[in-house]
Amino acid sequence: MKTIERSIFKGRDFISLHDFSQDELSCILDVAREIKAEQKAGRPHTILQGKTLGMIFTKSSTRTRVSFEVGMYQLGGHALFLSGRDIQLGRGETIADTARTLSRMVDGIMIRTFSHQEVLDLAKFATIPIINGLTDLLHPCQVLADLMTIQEYKGRLAGLKLAYIGDGNNMAHSLLFGGAKMGLNVVIASPQGYKPDPSVVALAQADAKENGGSVEVIDDPLEAVKGADVLYTDVWASMGQEEEAKVRMTAFEGYQINSDVMKRADQSAIVMHCLPAHRGEEITDEVIEGPQSVVFDEAENRLHAQKAIMALVI
Ligand code: CP
Ligand code: NVA
């Protein structure tokens with residue numbers, strides 16, 4: 001990894017893809033590819049020897065927890081799992097005090113929590129880099145891994161059509177930001193009442209204009225997938241929305257990626273899902289297990305993409 005790359009990123013937070021330029025995101029993706037190749041070749045790349053990452057979780061996780069912990073280990077460092085239930089944050093200690101305390105002991109913090117503001121506050125008071133491992137608003141690490149996966153399958157990003165079918169949630173928001181920055185044509189199809197946040201859409205629209213992509217939010221899922229190179233979906237009820245699950249089941253009827261929907265996309269389209277998936281709801285078993293599904297490449301690329309982020313910012 002070039003010293004120049006590390007000097008551009010060192011000390012920065014990774015909270016939203018909107019905070020990075022197209023060149024910077026391309027650079028992180030290049031480093032991720034390099035780190036993946038090194039790992040596959042069995043060459044150790046212990047760039048973070050002696051460094052420690054604190055990982056705060058107030059929501060569940062399989063991929064995020066394992067990929068950050070394994071990633072930090074492979075980089076020669078150490079990761080600490082800090083459950084929101086067990087640390088004093090869960091008993092009312094403030095984010096500001098948590099940020100200042102951890103800043104004296106660890107070299108970076110990854111946080112997965114409900115409120116996006118909490119992550120912004122953590123970054124405000126911490127003197128070390130903060131990495132967003134998912135909030136109700138955004139999931140930037142997932143989309144970085146997804147962009148890496150799209151590049152691997154399609155050989156490029158700019159000019160591709162990505163259709164996202166379903167809830168205008170954290171995944172939709174980060175796909176809007178990441179897609180717009182990298183010059184993709186992103187179309188989101190969601191039912192009324194479940195559209196992405198208009199302020200995110202407006203920022204993504206401006207990013208798209210600057211970077212040669214486009215952003216569109218529509219109602220009709222069949223229209224959205226027409227000729228698409230990438231189909232994406234996510235659960236209808238996210239973490240924290242369990243009580244709305246029944247109502248959402250009805251609202252999202254017709255917003256499913258199934259074999260009929262697949263027929264309208266490009267023949268060589270890939271199908272993506274951040275996982276965990278609810279088969280039979282947002283995606284059929286047939287499609288997620290089918291030849292066009294790349295969901296486990298996405299999961300694996302979480303490891304490589306996040307190692308790139310950590311190697312650059314810490
Ligand atoms: N996609 C993702 O972030 O998975 P986890 O919730 O398992 O971390
Ligand atoms: N939208 C989902 C993503 C999980 C990785 C959630 O927030 O639960």
Side-chain angles (χ1 to χ4, degrees), residues 14-17 32 53 55-72 79 81-84 109-119 131-150 164-179 188-191 193-197 200 230-245 247-249 251-252 255-257 271-279 281-283 288 293-307 309-310:
F14 189 84
I15 294 178
S16 168
L17 297 174
L53 178 79
M55 308 189 298
I56 303 175
F57 283 92
T58 72
K59 281 179 174 174
S60 306
S61 169
T62 298
R63 280 143 289 266
T64 305
R65 178 177 175 183
V66 176
S67 53
F68 270 103
E69 194 161 333
V70 170
M72 197 59 186
F81 175 69
L82 305 169
S83 159
I109 300 172
M110 191 288 303
I111 177 164
R112 164 170 287 197
T113 193
F114 293 86
S115 148
H116 191 71
Q117 190 56 46
E118 209 166 283
V119 178
I131 301 171
N132 178 2
L134 178 148
T135 63
D136 287 345
L137 188 71
L138 298 174
H139 197 1
C141 292
Q142 178 67 51
V143 172
L144 190 71
D146 295 338
L147 291 170
M148 184 179 177
T149 310
I150 298 170
Y164 174 94
I165 310 301
D167 191 17
N169 61 12
N170 43 11
M171 277 311 309
H173 293 156
S174 282
L175 285 166
L176 280 167
F177 280 152
I188 308 271
S190 350
Y194 298 94
K195 300 281 186 207
D197 184 328
V200 171
V230 180
L231 303 187
Y232 207 113
T233 191
D234 185 19
V235 290
W236 291 341
S238 284
M239 288 181 276
Q241 297 171 334
E242 288 76 9
E243 277 165 23
E244 296 173 34
V247 178
R248 284 172 169 266
M249 249 341 191
F252 285 99
Y255 288 81
Q256 181 190 61
I257 299 190
V271 178
M272 305 184 85
H273 192 307
C274 57
L275 303 177
H278 286 177
R279 288 165 167 78
E281 293 180 21
E282 76 275 5
I283 193 162
I288 201 166
S293 166
V294 300
V295 298
F296 297 109
D297 294 288
E298 295 177 75
E300 178 189 333
N301 282 338
R302 292 292 301 279
L303 173 67
H304 310 299
Q306 289 159 195
K307 279 170 76 179
I309 299 168
M310 292 190 286

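Counting starts at 1 for both ligands and their atoms, in listed order.
With ligand atoms numbered from 1 in the order given, ligand 2 contributes 3 (C), 4 (C), 5 (C), 7 (O) to contacts under 4.0 Å with heavy atoms of Leu134. Heavy-atom contacts of Asn170 reach the following atoms of ligand 2: 1 (N), 2 (C), 6 (C), 7 (O) (cutoff under 4.0 Å). Every atom of ligand 2 with a heavy atom of Asn169 under 4.0 Å away is listed here by number and element: 1 (N). Near Leu275, meaning under 4.0 Å from one of its heavy atoms, ligand 2 places the atoms 5 (C). Residue Thr62 approaches ligand 1 through these ligand atoms, each under 4.0 Å from one of its heavy atoms: 5 (P), 7 (O), 8 (O).
A donor atom on one side chain and an acceptor atom on the other are not found under 3.5 Å apart for Arg112 and Thr58. No hydrogens or angles considered: a donor-acceptor pair under 3.5 Å links the side chains of Ser67 and Gln306.
Looking at Arg65 and Glu69, a side-chain N of the basic residue comes within less than 4.0 Å of a carboxylate O on the acidic one, giving a salt bridge. Look at Lys59 and Asp136 and you find a salt bridge, because one of the NZ, NE, NH1 or NH2 atoms lies within 4.0 Å of a carboxylate O, short of that distance.
Of all non-hydrogen atoms in Glu298 and Asp146, the two that sit nearest each other are OE1-OD1, 2.7 Å.
For ligand 2, one of its N or O atoms has an N or O atom of Asp234 under 3.5 Å away. Between Arg112 and ligand 2, no pair of N/O atoms sits closer than 3.5 Å. Geometrically, ligand 1 and Pro276 share no nitrogen or oxygen pair separated by less than 3.5 Å. In terms of N/O distances under 3.5 Å, ligand 1 is not approached by Met239. The shortest N/O to N/O separation between Gln142 and ligand 1 falls below 3.5 Å.
The protein non-hydrogen atom at the shortest distance from atom 4 (O) of ligand 1 is Arg63 NE, 2.8 Å. Nearest to atom 2 (C) of ligand 1 among the protein's heavy atoms is Arg302 NH1, 3.3 Å. Regarding atom 6 (O) of ligand 1, its nearest protein heavy-atom neighbour is Arg112 NH1, 2.8 Å. Atom 8 (O) of ligand 2 has its closest protein heavy atom at Met239 N, 2.8 Å.
In this structure, His139 is part of the shell of residues with a heavy atom less than 4.0 angstrom from ligand 1. For Arg65, the heavy-atom gap to ligand 1 stays at 4.0 angstrom or more. Taking a 4.0 Å cut-off on heavy atoms, Leu134 fails to register as neighbouring ligand 1.
Using a 30° and 60° split on the angle between ring planes, Trp236 and Phe252 fall in the parallel class, below 30°.
You'll find the side chain of Leu275 reaches within 4.5 Å of the side chain of Phe296, heavy atoms only. Considering only heavy atoms from C-beta on, Met249 stays 4.5 Å or farther from Val247 through its side chain.
Residue Asn169 holds its CG atom at 7.5 Å from CD of Gln241, rounded to the nearest 0.5 Å.
Taking the side-chain hydrogen bond (donor to acceptor under 3.5 Å, both in side chains) definition, one finds that Thr149 meets it with Asn301, sequence neighbours left out.
With a 6.0 Å radius and a threshold of 12 heavy atoms from other residues, nucleotides or ligands, Glu243 has its CD atom at or below the threshold.
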